[in-house]
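Working notes for the structure below.
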Number of protein chains: 2
Amino acid sequence: MKGGKRHATLSDVARSADVGTTTVSRVINGGAKVSPKTLARVRSAITELGFIPNHAARTLRGEQTKIIGLIVPSIADSFFSSCADAIQEVARRHGTLVILTVTNNDPASENATISTLVRRTDGLLLVPTSSHSLELRNQLRDISIPVICFDRPMYDIQIPTVITQNFEGARAATRHLLEHGFRRILCLGGESELFTMNERVRGYTAAMKEANARPLIDMRSTACDYEGTSNAIVKHLKGAKPPQAIFCLKNSTTISTYSILQKMKISIPSQVALVGFDDFELASTLRPSITVVQQPVEELGHTAARLLFQRLALAKGMPINDKEKIKPIQLKTRLILRASCGCREVEEPQSISASGH
Amino acid sequence: MKGGKRHATLSDVARSADVGTTTVSRVINGGAKVSPKTLARVRSAITELGFIPNHAARTLRGEQTKIIGLIVPSIADSFFSSCADAIQEVARRHGTLVILTVTNNDPASENATISTLVRRTDGLLLVPTSSHSLELRNQLRDISIPVICFDRPMYDIQIPTVITQNFEGARAATRHLLEHGFRRILCLGGESELFTMNERVRGYTAAMKEANARPLIDMRSTACDYEGTSNAIVKHLKGAKPPQAIFCLKNSTTISTYSILQKMKISIPSQVALVGFDDFELASTLRPSITVVQQPVEELGHTAARLLFQRLALAKGMPINDKEKIKPIQLKTRLILRASCGCREVEEPQSISASGH
DNA sequence: TTTGTTTCTGGTAACGATTCCATTTTGGTT
DNA sequence: AACCAAAATGGAATCGTTACCAGAAACAAA
């Protein structure tokens, strides 16, 4: 009998328990006083009829939707899917659902998504496609629900934001390579229009300048795929003064670079050392293992979500005080030392007989 | 002026255009006849007031919510996040939003999630935690909205389902190893309570029996993590007749196994060959590259979503005819031959000078 | 002009929960 | 028994939309 009987309504319960709808509402939402006798009667009527409040009706009355919107560039990307996981968990603890949308870094799609979501959610968690976009800024300014930005900030607008220390992470990674004695370090990959990439480049450059080494940056926003990376590497390695180390600005570049160097039979780290930004599952499994800057992905998601729910709780009472300067929360990154930077010996695998116990 | 002015309502528009609410509604939803004159007047009033229909009110009136629910075991898992990506894309094309929920393979969480979602979405895309659960089956039977299962089916209940050819894929992989001359093939990893894993074991076993080889299966549902896998491999390799090849039932087992064999300095494939179920980004990058059974992930998501929207379109008109036997759609898997099975020479990387052009 | 069709249009009752406000009940005090 | 404050309860309006149904307007034919 699929889709047959309609759900019980609040007035069904009221009739069944012989009370007014007001009383039932009070029982459901707690708070107001209800005599123990009626309470019990209503409770049993509710369970008997299997009553579940209709959310649309509640929302219509001006209540919260108990839904938040999550807007990310991509969900297939493990960075964002891990964030989504953390966010979803926090939301569930708050009895709230998460609508997932992806923009593919397309501003038009982002704009449309935000418009749709504003009317249908209590708040938004957003990874902005562009930190500068005037259009996006205006859209966010006029928005009637709380918005939190994460991973990338928005300029010239006061929005609570959580990001990671891209600058510091990249600087630490570069410093580390410099400490190994490398002077010619190539900074490779990454879309030049993205905030995170620029911050990492800034960190790289800062470290190089500190050491009086000449920065060598090759960002190719159009072709930072495998092919583009391959061409870039070949070009640089064929030069008169080939790089002794490569600092990859993003995950996929790290993977491509690794794969390309292996194919070219260039030994890592003895011929070319390698450090990547952003950790990934196999970075420790590959031989040589890859040194990376690790971002606190779960914490990023948790913090952003917590911030949103904090605002949501506040919003119930008074309007938010937006006058106070909002400083982005910056989460610490961590340099994970493995073999590709030259820190560890290339791992000597243990033999089979030695491994038993 | 955050959250200041309230949104314009349909009756605001009606007043402004000096028509009845019914007419405005007709303009918005199209269909019925409206004279060109009034049409223009209403249209301009709509744009002028920036009117956007209130979704809660529509839903309350019994319209669709334009939201579907997606229930997966985990979103950090690249398999499911790729599915989610595909689903989200189809949904967007249908002007529908996707609520993402994760169960962590926990039946209680699944149960609660479904209950919540039923009242708030038009339909559900579900990866069931258990194919057998009587409780889940009953819950699904009483549900008032269309449900599609994917990746794992439900037994003894007619629900449209999309799965991949786990059996055939595993059999093909095993046959391939047998063709290489390996007789002692270990089938490793995977949770024994999951449908997909059992199907793969069935495929493996079928191939082994065909070839009169003795199946050797080691599923350890409690400990199929790195540690458990490591212990298992050591145990098997120390035996009198160590396996010549390993068929890994799932992604994470493949990765662990690969890493462990490398650590043990056991050469792949010359000492132990390796084939995994489910492809992953780095499988082709690792040296040796890993032969895997590839599942059509995007197609799985697309197909499931399309099936749901098909039902949704149908549901508008007549009740669904559930009498017809519903056969699960099975999507083809593909065996990707790489080096770890012994097919290719271990790749001779090209030298740097040879690579330019 | 009258009549009979179409074609448009608007009033109003739902949908299901919340909440103000008024009313009833309770219980404690003189 | 009489009174009053406090506690408990219910009626009915409200949120914004859709759809039934009836009524008005337009137009054609007689």
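Because the structure is a prediction, the values reported are computed rather than measured. All values below were derived from every heavy atom in this structure, side-chain atoms included, with hydrogens, water molecules and symmetry-related copies excluded. Residue numbers start from 1 in every chain, and the chains themselves are labelled A, B, ... in the order their sequence lines are given, proteins ahead of strands.
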**OP:** Under 4.0 Å between any heavy atoms, over every strand shown, what does B:Val19 touch: base, sugar-phosphate, or nothing? Just pick one.
**Re:** sugar-phosphate
Original post:
Among the nucleotides D:dT17, C:dA17, C:dT9, which one has an atom lying closest to any side-chain atom of A:Ala57?
Top reply: C:dA17
Original post:
Tell me: CG of A:Asn29 to P of C:dT19, nearest whole Å?
Top reply: 7 Å
**OP:** Name the closest nucleotide to the B:Thr21 side chain, picking from C:dG16, D:dA19, C:dT18.
**Re:** D:dA19
Subject >> Length of the CG-P vector between A:Leu39 and D:dA8, whole Å >> reply: 11 Å
**OP:** Report yes if a donor N or O on one partner sits less than 3.5 Å from an acceptor N or O on the other, where the partners are the side chain of B:Arg26 and the base of C:dG10; otherwise report no.
**Re:** yes
Original post:
Between B:Val34 and A:Asn54, which has a closest nucleotide on DNA chain C that is more 5'?
Top reply: B:Val34
Original post:
Between C:dC15 atom C1' and A:Ile52 atom CD1, what is the distance in whole Å?
Top reply: 18 Å
Original post:
Where the side chain of B:Asn104 meets the backbone of B:Asp106, is there a donor-acceptor pair that is under 3.5 Å apart?
Top reply: no
**OP:** Classify the nucleic acid contact of A:Ser35 as base, sugar-phosphate or nothing, counting any heavy atom under 4.0 Å across all strands shown.
**Re:** sugar-phosphate
**OP:** Of all the heavy-atom pairs spanning A:Thr121 and A:Ile99, show the shortest one and how long it is.
**Re:** CG2-CD1, 4.4 Å
Original post:
Nearest nucleotide by nearest heavy atom, which residue falls closer to the 5' end of DNA chain C, A:Ile28 or B:Gly20?
Top reply: B:Gly20
Original post:
Among the nucleotides C:dA17, D:dG10, C:dG10, which one has an atom lying closest to any side-chain atom of B:Thr23?
Top reply: C:dG10
Original post:
So, the side chain of A:Gln88 versus the backbone of A:Val98: is there a donor-acceptor pair under 3.5 Å, distance only?
Top reply: no
Original post:
Heavy atoms under 4.0 Å, any strand shown: does A:Thr59 hit a base, just sugar-phosphate, or nothing?
Top reply: nothing
Subject >> 5' precedence on DNA chain D between B:Thr22 and B:Ala56 (nearest-nucleotide basis) >> reply: B:Ala56
**OP:** Return the value, rounded to whole Å, for the distance between atom NZ of B:Lys37 and atom C1' of D:dA24.
**Re:** 14 Å
Subject >> Nucleotide D:dT17, atom P - distance to NE2 of B:His7 in whole Å >> reply: 11 Å
**OP:** Have a look at A:Arg58 and say if it touches a base, only the backbone sugar-phosphate, or nothing, with a 4.0 Å heavy-atom cut-off.
**Re:** sugar-phosphate
Original post:
Counting only N and O atoms by type, is there a donor-acceptor contact under 3.5 Å from the side chain of B:Ser25 to the main-chain atoms of B:Thr21?
Top reply: no
Original post:
If you look at every strand shown and take non-hydrogen atoms under 4.0 Å, does A:Asp12 touch a base, only sugar-phosphate, or nothing?
Top reply: nothing
**OP:** For A:Lys33 and D:dG10, give me the distance from atom NZ to atom P, rounded to whole Å.
**Re:** 18 Å
Original post:
Aromatic rings A:Tyr155 and A:Phe195: how do their planes relate, parallel, tilted or perpendicular, breaks at 30° and 60°?
Top reply: perpendicular
Original post:
Do A:Thr129 and A:Asn105 have a side chain donor and acceptor closer than 3.5 Å?
Top reply: no
**OP:** Return the value, rounded to whole Å, for the distance between atom CD of A:Gln64 and atom C1' of D:dC15.
**Re:** 16 Å
Original post:
In whole angstroms, how far is the C1' atom of D:dA19 from the CD atom of B:Glu63?
Top reply: 10 Å
Original post:
Nearest to the side chain of A:Leu60 - D:dA19, D:dC15, C:dA17?
Top reply: D:dC15
